[in-house]
*Asks:* 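One structure, as C-alpha cells, below. Some questions next.
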Protein chains: 2
Amino acid sequence: MNFEENQLFSGIAPDQVDRMLPCLEASRRDYPAGKLMYSYLSGQASAAVLLEGKASVVRYESSGSRTILESLSPGSIFGAGLDFHTEILGSVHVICDTPCRVLFLNYEKMIRPCSSACPRHLDLVQNILAILSRKSRLLGERVEVLSQRSIRDKLLCYFSQLSCKTGSSTFLLPFSMMDLADFLSVNRSAMVRELRSMREDGLIAMTKREVTLL
Amino acid sequence: MNFEENQLFSGIAPDQVDRMLPCLEASRRDYPAGKLMYSYLSGQASAAVLLEGKASVVRYESSGSRTILESLSPGSIFGAGLDFHTEILGSVHVICDTPCRVLFLNYEKMIRPCSSACPRHLDLVQNILAILSRKSRLLGERVEVLSQRSIRDKLLCYFSQLSCKTGSSTFLLPFSMMDLADFLSVNRSAMVRELRSMREDGLIAMTKREVTLL
DNA sequence: ATAAATATGGTGCAAATGCAACAGACAAAA
DNA sequence: TTTTGTCTGTTGCATTTGCACCATATTTAT
C-alpha cells in the first residue's frame with residue numbers, strides 16, 4: 001500500500017507500514033464527494049485519519065439547521081475516541097467535500113505498544129502525537145471563535161485567525177457564505193447583514209471571497 | 001521529586017522521572033488560588049501540565065466580559081504549543097481556581113526522542129498521547145456546546161454531557177451561575193431567565209446546583 | 001442556449017439576547 | 001453579632017439575531 005507523504009506514516013518505510021496495518025486493524029476506503037464517510041455511533045471505528053481530500057464534521061439538528069463542527073484536511077485525525085460523541089440532541093457525521101481516502105484504525109491498538117511485530121510502532125506514536133497536537137490547536141481556535149458573543153466578533157475573530165495564518169491582512173475565505181454561517185453557527189442572512197455593516201464601518205473590504213482586514 | 005500518581009509520568013519510576021526532567025527543561029511551580037499561572041504569550045513555556053488543583057483558561061475581552069475557554073483539572077495539558085494562541089482581540093490567561101502545582105515543559109523536547117539519557121522517553125510519549133486525546137475530546141465537547149444556537153440549547157447540550165458522564169439524569173453543576181454563563185459564553189441574567197423558563201416547561205428540575213434532566 | 005437549481009443579498013417583523021439596575025440571599029470578615 | 005462584599009434572581013428596555021420571504025446573480029444540468 002502506498003501512502004505517499006502523509007503525516008501518520010512519515011518516516012516509516014512503505015514495506016514496514018504494510019506490516020503494521022493488520023496490527024492496527026487498519027482498513028483504507030475511498031469515498032466520492034458528498035458521501036457520508038463516518039458517523040459518530042457505537043460500533044464504528046474509534047479513529048480515522050484522512051489521507052487525501054477534504055471533509056467536514058457536521059451536525060444536523062432536529063430543527064433542520066446544520067453546523068460545521070470541524071473542517072478536515074489531509075492528515076486530520078478524527079473519530080469517536082477523539083473528539084465528538086453522539087448526543088441524543090442531534091446526529092454528527094463526517095461528509096466528504098471532495099473525493100476522500102480514509103484510513104480507519106483501532107485507536108486502542110494504535111496507542112498501546114504492541115507485542116513485537118511492529119518495530120516502528122513508536123515512530124507511529126510520535127506521528128500521532130504531532131497530528132493530535134495540531135488537532136487540539138485547531139479545536140482551540142474553533143472554541144475561540146465560537147465563544148465570541150456577537151456575529152461581528154465571531155467574524156472578526158475568525159478573520160484575524162485567517163490573517164494570522166496567511167501572514168497577510170488579505171486572504172481568501174475557504175467557505176461559501178452559507179457554509180461560513182454554518183461554521184460560525186449563526187443565521188446566514190444575519191451574517192450577510194453584519195458583513196455589510198462592517199464594510200460600511202470601514203472594518204473590512206470584501207470582493208467575492210477575498211477579504212481584507214483594515 | 002515526587003509526582004505521585006499523575007498521568008504524565010504514570011508507569012515511570014520516580015528516580016527515572018528525576019533523570020528525565022532536565023532534558024525536558026522542566027520546572028515545577030506552586031501557585032495560590034486566584035493567581036495568574038500562565039499567559040499565552042511568546043516567550044512562555046510551550047507546554048505545561050497541571051499536576052494538582054483546578055484552573056481555568058479565561059479570556060478577558062476589551063469590553064470587560066470574560067469567557068471561560070477551558071476548565072483544567074489534574075492531568076490536563078495546556079500551553080501555547082497546544083491550544084489557544086494570543087489574538088490581538090483579547091488576552092488569554094490561565095488562572096488558578098484552587099492552589100495549583102504545575103509542571104512547565106519544553107514541548108518540542110518532550111515529543112522528540114532524545115539522544116540517550118532518557119530510557120523511558122517513549123513511555124512519556126505514550127502518556128502524553130493519552131492526555132492529548134482526552135484534551136481533544138474535551139475541546140470537541142466544548143465545540144458541541146458552543147455551537148448550539150440558543151441559550152436553551154447550549155444548556156441542554158451541556159446538561160446532557162454532564163448526565164452522560166455521571167451516568168445519571170441528576171448531577172451537580174461544577175460552576176457557579178456566573179461562571180456557567182461565562183463558560184457558555186452568554187449573558188448571565190439571560191441564562192438565569194432561560195433556566196426558569198425551562199423549569200416552567202418541565203424540561204429540568206433544579207435545587208441549588210443540583211440539576212435533573214426530565 | 002435554455003432551463004432548472006442553488007447561492008447570494010436584501011427586508012420587515014418577531015423573538016431572543018444583552019444590558020443596566022435593583023433587591024434579597026448568602027458568605028466571609030471584623 | 002454586625003458589616004461588608006459577592007452571588008443570585010428579577011425586570012424593563014434596547015439591541016441583536018433569527019426567520020420567512022423575495023429578487024437577482026451564479027452555477028449546473030439538459
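Just so we're on the same page: letters track the sequence lines, and every chain starts at 1. None of these values were measured; they are calculated from a predicted model.
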*Asks:* Using the side chain to side chain donor-acceptor pair (under 3.5 Å) criterion, which residues pair with A:Ser136? Sequence neighbours excluded.
*Replies:*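 Result, side chain to side chain donor-acceptor pair (under 3.5 Å) vs A:Ser136: none returned.
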*Asks:* Scan for ring-ring contact (aromatic ring centres under 6.0 Å, His included) pairs involving residues 174-214 of chain A, sequence neighbours excluded, and state none if there are none.
*Replies:*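 Every ring-ring contact (aromatic ring centres under 6.0 Å, His included) pair that includes a residue of residues 174-214 of chain A, provided the two are not neighbours, is A:Tyr158-A:Phe183, A:Phe175-A:Phe183.
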*Asks:* If the condition is salt bridge (charged side-chain N to carboxylate O under 4.0 Å, His left out), which residues does A:Arg29 pass it with, not counting sequence neighbours?
*Replies:*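 By the salt bridge (charged side-chain N to carboxylate O under 4.0 Å, His left out) rule, A:Arg29 matches no residue at all.
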*Asks:* Which nucleotide span of DNA chain C, 5' end to 3' end, has atoms closer than 4.0 Å to non-hydrogen atoms of chain A?
*Replies:*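 That gives a stretch of C:dA7 to C:dG12.
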*Asks:* So, using side-chain contact (heavy atoms from CB on, under 4.5 Å) as the criterion, who are the partners of A:Met206 when residues are at least two apart?
*Replies:*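 Counting only residues at least two positions away or on another chain, A:Met206 forms a side-chain contact (heavy atoms from CB on, under 4.5 Å) with A:Leu173, A:Met177, A:Leu195, A:Arg199, A:Ile204, A:Val211.
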*Asks:* Indicate for each nucleotide in nucleotides 13-27 of chain D, in 5' to 3' sequence, whether protein heavy atoms under 4.0 Å reach the base (B), only the sugar-phosphate (S), or nothing (-).
*Replies:* ----BBBB-------
*Asks:* Using the side chain to side chain donor-acceptor pair (under 3.5 Å) criterion, which residues pair with B:Ser185? Sequence neighbours excluded.
*Replies:*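 B:Ser185 satisfies side chain to side chain donor-acceptor pair (under 3.5 Å) with no residue once adjacent residues are dropped.
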*Asks:* Which residues pass the side-chain contact (heavy atoms from CB on, under 4.5 Å) test with B:Asn106, sequence neighbours left out?
*Replies:*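 In terms of side-chain contact (heavy atoms from CB on, under 4.5 Å), with neighbours along the sequence ignored, B:Asn106 is linked to B:Glu25, B:Ser46, B:Glu108, B:Lys109.
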*Asks:* Under the side-chain contact (heavy atoms from CB on, under 4.5 Å) test, which residues partner A:Ala55, sequence neighbours left out?
*Replies:*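 In terms of side-chain contact (heavy atoms from CB on, under 4.5 Å), with neighbours along the sequence ignored, A:Ala55 is linked to A:Met37, A:Leu50, A:Leu72, A:Val94, A:Cys100.
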*Asks:* Taking atom types as modelled and ignoring hydrogens, do the side chains of B:Arg59 and B:Ser91 form a donor-acceptor contact shorter than 3.5 angstrom?
*Replies:*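 No.
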*Asks:* Just jot down the side-chain contact (heavy atoms from CB on, under 4.5 Å) partners of A:Ser56, sequence neighbours excluded, or say none.
*Replies:*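 Per chain and number, A:Ser56 pairs via side-chain contact (heavy atoms from CB on, under 4.5 Å) with A:Val58, A:Ile68, A:Asp97.
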*Asks:* Using the C1' atoms of the five pairs at each end, what is the angle between the end axes of the helix from C:dA1-D:dT30 to C:dA30-D:dT1, to 10°?
*Replies:*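 The end axes of the helix from C:dA1-D:dT30 to C:dA30-D:dT1 are about 50° apart, to the nearest 10°.
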*Asks:* Looking at residues at least two apart in the chain, or sitting in another chain, which of them share a side chain to side chain donor-acceptor pair (under 3.5 Å) with A:Ser65?
*Replies:*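 Partners of A:Ser65 by the side chain to side chain donor-acceptor pair (under 3.5 Å) criterion, ordered by chain and then number, come out as A:Ser63.
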